[in-house]
Novice: 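Below you'll find the structure I mean.
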Amino acid sequence: MSAAPLLSRPSPSADLLFRDVHVLDPRTGFDGRHDVRVRAGELAELGAAGTLEAEDVEVVDAQGRYHLLPAFFDTHVHLRTPGQEHKEDLETGTRAAAAGGFAGVIAMPNTDPVVDSAALLGSVREVAAREARVPVGFLPAITVGSAGVQLTEMAEMRDGGALGFSDDGRPVSSAAVMRKALRYQRLCGGVLALHEEDVSLAGKGVMHEGAVSAALGLAGIPSVSESTMVARDAALAAYEHGRVHFQHLSVHESVEAVAAAKAQGVSVSAEVTPHHLLLCDEQVRGLDSSTKVNPPLATESDRQALIEGLRSGVIDCVATDHAPHAREEKEVPFEQAPMGTTGLETAFAVLYTELVLGGVLELSLLVERMTAGAGLFELPVHRIAAGEVANLVLMDLDARWTAGEHGWESRSANCAFAGRALRGRALLTVAAGAVAYRERSFSLVAV
Ligand SMILES: [Zn+2]
Ligand SMILES: [Zn+2]
């Protein structure tokens with residue numbers, strides 16, 4: 001690949017001193033109070049708390065109350081450009097990302113038109129280079145129009161900066177087409193990121209098939225719609241020596257299929273969303289369309305299997321599948337509403353509140369899984385160490401807030417967690433060496 005894989009708008013490099021901040025980075029081993037100097041966008045120096053001189057720059061005096069974490073990376077977002085800017089665009093979507101502590105995202109191609117050519121990829125990359133607040137990478141489509149029939153010009157798009165390919169929103173239904181994509185991937189590289197759904201099993205389903213769908217009288221989508229496709233594509237990847245990433249796992253059978261593939265040494269990875277980690281089909285009983293997502297929220301035991309998969313590393317990373325929809329599109333009867341929830345602004349706080357404060361996962365493990373996605377797409381993983389580009393989030397873990405209480409940075413409000421009482425809020429995000437977000441009520445103390 002010759003073109004830069006991630007693009008964002010030109011921004012002045014940050015010069016900051018974080019004083020007495022709790023630095024936590026599971027990769028470099030920091031877990032304690034330090035001073036951290038960012039000079040010209042680079043992590044220039046770390047020292048014992050209270051030892052670094054201010055040097056006429058902005059100082060964040062944390063007094064030990066705030067955490068400094070490597071900024072998060074999201075392997076799965078929908079930024080809706082081109083063609084659906086009434087839902088989101090590159091600027092609003094990446095503003096939401098920065099507000100959630102993310103310093104890098106990967107955008108899906110199911111826009112209008114579908115990003116399925118080098119020309120279209122070039123034009124969305126130009127928009128990102130003008131408007132994006134945090135670096136954005138792109139996965140153009142595997143098949144023309146994501147119709148599942150004819151492969152796109154994968155090699156040409158790799159040269160044009162594609163991180164890999166995805167038909168997200170749809171599966172690659174034909175095993176023969178999938179096999180062909182794996183053979184082209186061997187030549188051009190990049191990751192095939194797969195939305196796994198057997199459309200002949202999913203049918204017209206609008207939620208998970210089980211006791212709740214039966215009680216509500218709604219058409220269900222069975223677990224095997226996802227898990228049989230995960231198993232099929234793991235087998236094809238093994239046969240063709242390919243590299244696949246499974247998107248948004250939702251049921252325990254899929255976790256088992258990924259574990260089996262990994263045990264056999266197949267080059268697979270997997271992501272899980274905050275909503276699948278925290279919600280289940282019981283939450284759909286109220287028929288709130290913000291709980292209508294694809295894949296659907298499954299059962300409590302599926303949710304437990306996803307948490308265990310994330311803990312054990314069978315699931316490599318958290319991804320939001322941030323899927324904005326306009327209010328009028330979601331304010332229709334449940335059966336007719338489009339699938340998807342926003343997630344960038346709440347991802348860390350919902351997981352921290354429920355899983356870390358709930359005693360289920362360690363904070364350091366959550367940080368690891370919220371940053372690991374970059375490495376799966378052959379990108380540098382954000383790290384806190386001298387000499388690294390600054391990709392940081394300053395987090396107030398004690399902050400209490402209600403999701404959506406002051407509106408959203410995203411253009412859309414269809415968040416499954418709206419109204420939830422949360423703990424943990426990003427105060428400042430530095431992405432690729434530049435300040436990408438400052439919390440409104442948080443002002444830096446200048447010396
Ligand atoms: Zn999907
Ligand atoms: Zn998606």
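Both ligands and their constituent atoms are indexed starting at 1 by order of listing.
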Novice: Any ring pair (Phe, Tyr, Trp, His ring centres under 6.0 Å) pairs touching residues 293-343, not counting sequence neighbours?
Specialist: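 For residues 293-343, and leaving out neighbouring residues, there are no ring pair (Phe, Tyr, Trp, His ring centres under 6.0 Å) pairs at all.
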Novice: If the threshold is 4.0 Å, N to carboxylate O, is there a salt bridge linking Arg425 and Glu439?
Specialist: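 Yes, charged N to carboxylate O under 4.0 Å.
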Novice: For Arg80, is there an ion pair with Glu85 - N to carboxylate O distance below 4.0 angstrom?
Specialist: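 No, this pair does not count.
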Novice: Angle between ring planes, Phe72 versus Phe348, binned at 30° and 60°: parallel, tilted or perpendicular?
Specialist: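 Plane angle under 30°, so parallel.
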Novice: What do the steps show when you test His248 against His195 for side-chain hydrogen bond (donor to acceptor under 3.5 Å, both in side chains), and what is the final call?
Specialist: CA-CA 7 Å; His248 45 49; His195 168 116; 3.2 Å; yes
Novice: How about the Zn ion (ligand 2), which protein N, O or S atoms come within less than 2.8 Å?
Specialist: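 Counting only protein N, O or S atoms under 2.8 Å from the Zn ion (ligand 2), the list reads His76 NE2, His78 NE2, Asp168 OD2, Asp321 OD1.
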Novice: Is Arg9 paired with Glu131 through a side-chain N to carboxylate O contact shorter than 4.0 Å?
Specialist: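 No.
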